[in-house]
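The analysis underlying the following values was restricted to heavy atoms, covering all of them including side chains, and did not include hydrogens, waters or symmetry mates. One-based numbering, in listed order, for ligands and for the atoms of each.
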Amino acid sequence: MTRVGIKPGVTYHPGYLSADQQGVLLAALAAILREAPFFTPRMPRTGKPFSVRMTNCGKLGWVSDEGGYRYQETHPETGRPWPAMPRILIAAWQELAPEAPLPEACLVNYYAGGARMSLHQDRDEQDFGAPVLSLSLGDTAVFRIGGTARRDPTTSLKLSSGDALVFGGPARLAFHGIDRVLTGSSTLLAQAGLDGGRINLTLRRVSPA
Ligand code: MD3
Ligand code: FE
């Protein structure tokens, strides 16, 4: 398997998931979406909607609304617990983050149309010791990562369907975002009844082991 160092703490695994594995993951996602549909997160205080829609699986899910960013055990609209994490995700975590305790949360981001995610840090977890694992499905996206200060220089990387990225150590608190999605670059998501776009899954440890 190809493994590319992007900067300290960031490892890129292009084509980590085979076409068959992407199909297995997408089928598991379709079942997750029936139980936990995408919701539209809103910005703390202002309530401005995100362009990215989200859902989660695993014990904890990340949500955002006027009350702030947080992890919680239930879907913000249905009130039901998040669906379990599929085995294929746990297997990927064990292979790519073998030292870390098992993930507690998997955030599923859906980018349709012109959705993007502005430069931010992920710091709502109680423990930054474990890495974050990202898996991409569907259309290719232009991803950008900088340093731990917002003004640090950034590097761009195209993330395609099946790619994995691991962010640990000095990169765990790096600023990052999605500048744009290349609409129509993949037909994979149609298999799940979605009208194109991109899905990103991020697996995380939230609390100390
Ligand atoms: C670097 N998602 O959900 S994944 C997010 O493609 C998020 O949906 C983007 O940023 C997406 O918070 C980027 C790559 C990623 C995820 C988490 C990170 C990079 C990271 C955490 C720390 C450092
Ligand atoms: Fe992030």
Chemist: Which of the numbered atoms in ligand 1 are under 4.0 angstrom from any heavy atom belonging to Arg172?
Modeler: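 In order of numbering, the contacting atoms are 22 (C), 23 (C).
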
Chemist: By atom name, which N, O or S atom belonging to Asp122 lies closest to the Fe ion (ligand 2)?
Modeler: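 Answer by atom name: OD1.
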
Chemist: Give the table of side-chain donor-acceptor pairs shorter than 3.5 Å for residues 89-99, with sequence neighbours excluded, one pair per line with atom names and distance.
Modeler:
residue: Trp93; atom: NE1; partner: Pro101; partner atom: O; Å: 3.1
residue: Glu95; atom: OE1; partner: Tyr16; partner atom: OH; Å: 2.4

Chemist: Please determine whether side-chain contact (heavy atoms from CB on, under 4.5 Å) holds for the pair Tyr71 and Gln126, giving the CA-CA distance in whole Å, both sets of side-chain angles, and the decisive distance to 0.1 Å.
Modeler: CA-CA 10 Å; Tyr71 282 91; Gln126 297 156 18; over 6 Å; no

Chemist: Which one of Leu157, Asn200, Leu159 has a non-hydrogen atom at the shortest distance from atom 4 (S) of ligand 1?
Modeler: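 The residue whose heavy atom sits nearest atom 4 (S) of ligand 1 is Asn200.
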
Chemist: Starting from Tyr12, can I reach Phe175 by hopping between I/L/V/M/F/W/Y residues whose side chains sit under 4.5 Å apart?
Modeler: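 No, Phe175 does not connect to Tyr12 through the hydrophobic network.
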
Chemist: Can you tell me which residue and heavy atom of the protein come closest to atom 13 (C) of ligand 1, and the distance to 0.1 Å?
Modeler: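 Closest protein heavy atom to atom 13 (C) of ligand 1: Phe143 CE1, 3.9 Å.
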
Chemist: Just need the protein heavy atom nearest to atom 23 (C) of ligand 1, so name the residue and atom and give the distance.
Modeler: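 Result: Ala171 O, 3.3 Å.
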
Chemist: Hey, is Arg205 close enough to Glu125 for a salt bridge, meaning N to O under 4.0 Å?
Modeler: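 The answer is no: the pair does not qualify as a salt bridge.
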
Chemist: Do the side chain of His75 and the main chain of Trp82 share a donor and acceptor less than 3.5 angstrom apart?
Modeler: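 A pair under 3.5 Å: no.
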
Chemist: Nearest to the Fe ion (ligand 2), which N, O or S atom of His120 do we find?
Modeler: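 Within His120, restricted to N, O or S, the Fe ion (ligand 2) is closest to atom NE2.
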
Chemist: Starting from atom 6 (O) of ligand 1, what is the nearest protein heavy atom, named by residue and atom, and what distance separates them?
Modeler: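 Among all protein heavy atoms, the one nearest atom 6 (O) of ligand 1 is Arg198 NH1, 2.9 Å.
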
Chemist: Which is it for Gln121 and ligand 1 at heavy atoms under 4.0 Å: side chain, backbone, both or neither?
Modeler: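 The answer is neither.
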
Chemist: Can you tell me the protein heavy atom closest to atom 7 (C) of ligand 1 and the distance?
Modeler: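 Its nearest protein heavy-atom neighbour is Met117 SD, 3.5 Å.
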
Chemist: Just to confirm my output: which protein heavy-atom neighbour is closest to atom 8 (O) of ligand 1, and how far is it?
Modeler: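 Residue, atom and distance for the closest contact: Tyr111 OH, 2.5 Å.
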
Chemist: Please list every donor-acceptor pair under 3.5 Å in which a side-chain atom of residues 184-196 meets a protein atom from a residue at least two apart or in another chain.
Modeler:
residue: Ser185; atom: OG; partner: Thr140; partner atom: N; Å: 2.9
residue: Ser185; atom: OG; partner: Leu182; partner atom: O; Å: 2.6
residue: Ser186; atom: OG; partner: Leu188; partner atom: N; Å: 3.0

Chemist: A quick test of your reading: do over 12 heavy atoms of other residues, nucleotides or ligands sit less than 6.0 Å from CZ of Arg3?
Modeler: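 Not more than 12 within 6.0 Å, no.
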
Chemist: Looking only at protein heavy atoms, which one is nearest to atom 14 (C) of ligand 1, and what is the separation?
Modeler: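 Protein heavy atom at minimum distance: Phe167 CE1, 3.5 Å.
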
Chemist: Counting only heavy atoms not in Lys158, do more than 12 fall under 6.0 Å of its NZ?
Modeler: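 For Lys158, atom NZ is not crowded (no more than 12 foreign heavy atoms under 6.0 Å).
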
Chemist: In terms of residue, atom name and distance, what is the protein heavy atom nearest to atom 3 (O) of ligand 1?
Modeler: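 The protein heavy atom lying closest is Asn109 ND2, 2.9 Å.
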
Chemist: Assess Thr202 for proximity to ligand 1: is some non-hydrogen atom of it under 4.0 Å away?
Modeler: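 Yes.
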
Chemist: Is the closest basic N to carboxylate O distance between Glu104 and Arg204 below 4.0 Å?
Modeler: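 Arg204 and Glu104: not salt-bridged.
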
Chemist: Could a heavy atom of Arg204 be found less than 4.0 Å from some atom of ligand 1?
Modeler: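 Judged by the 4.0 Å heavy-atom criterion, Arg204 does count as contacting ligand 1.
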
